[in-house]
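Following: one structure in structure tokens, then a few remarks.
Numbered from 1 within each chain, the chains take letters A, B, ... in sequence-line order. Keep in mind that the numbers below use all heavy atoms, side chains included, and drop hydrogens, waters and symmetry copies.
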Number of protein chains: 2
Amino acid sequence: MRIGELAARAGTTTRTLRYYESRGLLPARRDDQGYRSYDERDLRLLQQIRTLQDFGFDLEETRPFVECLRAGHPEGDSCPASLVVYRRKLDELDALIGDLRAVREQVAGQLARAERARDALGAESLVPGGPEPRCELGGQER
Amino acid sequence: MRIGELAARAGTTTRTLRYYESRGLLPARRDDQGYRSYDERDLRLLQQIRTLQDFGFDLEETRPFVECLRAGHPEGDSCPASLVVYRRKLDELDALIGDLRAVREQVAGQLARAERARDALGAESLVPGGPEPRCELGGQER
DNA sequence: GTAAGGCTTGACGCCGACGTCAAGGCAACA
DNA sequence: TGTTGCCTTGACGTCGGCGTCAAGCCTTAC
């Protein structure tokens with residue numbers, strides 16, 4: 001099969017396949033026209049790469065899985081190097097999720113505080129002294 | 001104060017300040033030498049930007065906060081446009097955290113499955129028929 | 001004959017938030 | 001007088017994973 005067919009079957013583009021080849025991740029044989037030639041095993045490798053990419057693995061992190069498959073193992077994660085990547089990715093995800101949750105709480109707190117302040121200002125306008133400067137920028141207050 | 005001092009006081013770099021100015025986020029006056037000149041209010045604006053950046057807001061998202069402060073409000077989030085950004089960021093964070101948690105579970109599942117398979121293969125080597133292909137690539141098995 | 005479609009390599013574009021280098025100006029200090 | 005240190009503008013580099021031309025070859029269909 002040629003590059004266009006492989007790309008279509010994997011739901012990706014020819015540009016992506018050439019890029020993978022340029023990175024040494026998915027080398028291709030050539031037919032007598034000089035066209036890249038792939039088989040079902042290449043499709044399998046490509047699917048492995050795409051699955052991991054969907055998980056947010058970057059290209060280098062997929063390499064152990066691809067090499068594992070190419071070495072004849074039944075699954076891309078049948079080799080210890082792949083398990084190492086899994087575990088490192090789990091740690092990264094846990095750290096990232098933790099950071100994001102902390103940020104989320106910070107932002108939620110800021111929002112709550114700002115809304116309280118706004119409501120307090122709203123009450124102030126019902127009181128002698130009158131209101132403070134209105135926002136003249138950005139906010140559509142219809 | 002000049003650009004170097006402001007950068008140092010805000011814990012950032014002169015390049016960053018020039019970049020913010022190029023984006024129209026933090027314009028500077030000029031002294032008679034043509035040097036950028038800042039005051040304490042600019043430091044306040046800059047701190048607002050940096051805080052939001054630390055939260056993962058991109059530059060454009062900080063703009064309403066900066067304009068709010070510049071309009072004379074006591075806080076960057078004293079304007080409705082800023083609250084809109086807060087809420088949108090919360091939604092984005094929730095979505096992202098949800099996605100990452102789903103990915104985390106997927107990866108954890110894959111790791112568990114792969115480890116079970118490895119252990120099953122280990123047991124197989126204690127049994128007639130002998131073991132299957134070993135990994136010859138990548139993994140340091142000491 | 002020629003147009004269409006697939007393939008080739010090469011190379012520049014993109015995004016965001018700057019880093020880094022170049023060439024030069026101004027001021028203070030030894 | 002020269003050196004140091006701050007400032008100026010301009011412009012190219014970075015990172016990842018491709019997108020998007022450009023120019024040209026090969027084959028098949030009309």
>> One thing to verify: whether B/Arg70 and B/Glu67 come together as a salt bridge, which I'm taking to mean a side-chain N less than 4.0 angstrom from a carboxylate O.
In response: no
> Residues two or more places apart in sequence or in another chain: which of them pass salt bridge (charged side-chain N to carboxylate O under 4.0 Å, His left out) with A/Arg87?
Replying inline: B/Glu115
>> According to salt bridge (charged side-chain N to carboxylate O under 4.0 Å, His left out), does anything in residues 93-109 of chain A pair up with another residue at least two apart or in another chain? List the pairs.
In response: A/Asp94-B/Arg104, A/Arg104-B/Asp94
> Which pairs count as salt bridge (charged side-chain N to carboxylate O under 4.0 Å, His left out) when at least one residue sits in residues 71-84 of chain A, sequence neighbours excluded?
Replying inline: A/Arg44-A/Glu75, A/Asp77-B/Arg113
>> For residues 77-101 of chain A, which residue pairs pass the ring-ring contact (aromatic ring centres under 6.0 Å, His included) check, not counting sequence neighbours?
In response: A/Phe65-A/Tyr86
> Using a heavy-atom distance cut-off of less than 4.0 Å, which residues of residues 33-42 of chain B contact DNA chain D?
Replying inline: B/Gly34, B/Tyr35, B/Arg36
>> So, using side-chain hydrogen bond (donor to acceptor under 3.5 Å, both in side chains) as the criterion, who are the partners of B/Gln47 when residues are at least two apart?
In response: none
>> My understanding is that only residues two or more places apart in sequence, or in another chain, count here; which of them pass salt bridge (charged side-chain N to carboxylate O under 4.0 Å, His left out) with B/Asp91?
In response: none
> Expressed in angstrom and rounded to an integer, what is the separation of A/Glu5 atom CD from C/dG5 atom P?
Replying inline: 18 Å
> What parts of residues 13-32 of chain A reach DNA chain D, counting only heavy atoms under 4.0 Å away?
Replying inline: A/Thr13, A/Arg15, A/Thr16, A/Tyr19, A/Tyr20
> What parts of residues 50-65 of chain B reach DNA chain D, counting only heavy atoms under 4.0 Å away?
Replying inline: none
> Can you list the residues that meet the side-chain hydrogen bond (donor to acceptor under 3.5 Å, both in side chains) rule with A/Thr13, with sequence neighbours excluded?
Replying inline: A/Thr16
> With a cutoff of under 4.5 Å between side-chain heavy atoms, which Ile, Leu, Val, Met, Phe, Trp and Tyr residues group with B/Leu69?
Replying inline: B/Met1, B/Ile3, B/Leu6, B/Leu17, B/Tyr19, B/Tyr20, B/Leu25, B/Leu26, B/Tyr38, B/Leu43, B/Leu45, B/Leu46, B/Ile49, B/Leu59, B/Val66
> Roughly, in whole Å, what's the span from CD1 in B/Ile3 to C1' in C/dG25?
Replying inline: 16 Å
>> Going by the rule side-chain hydrogen bond (donor to acceptor under 3.5 Å, both in side chains), which residues pair with A/Glu92 if we only count those two or more places apart in sequence or in a different chain?
In response: A/Lys89
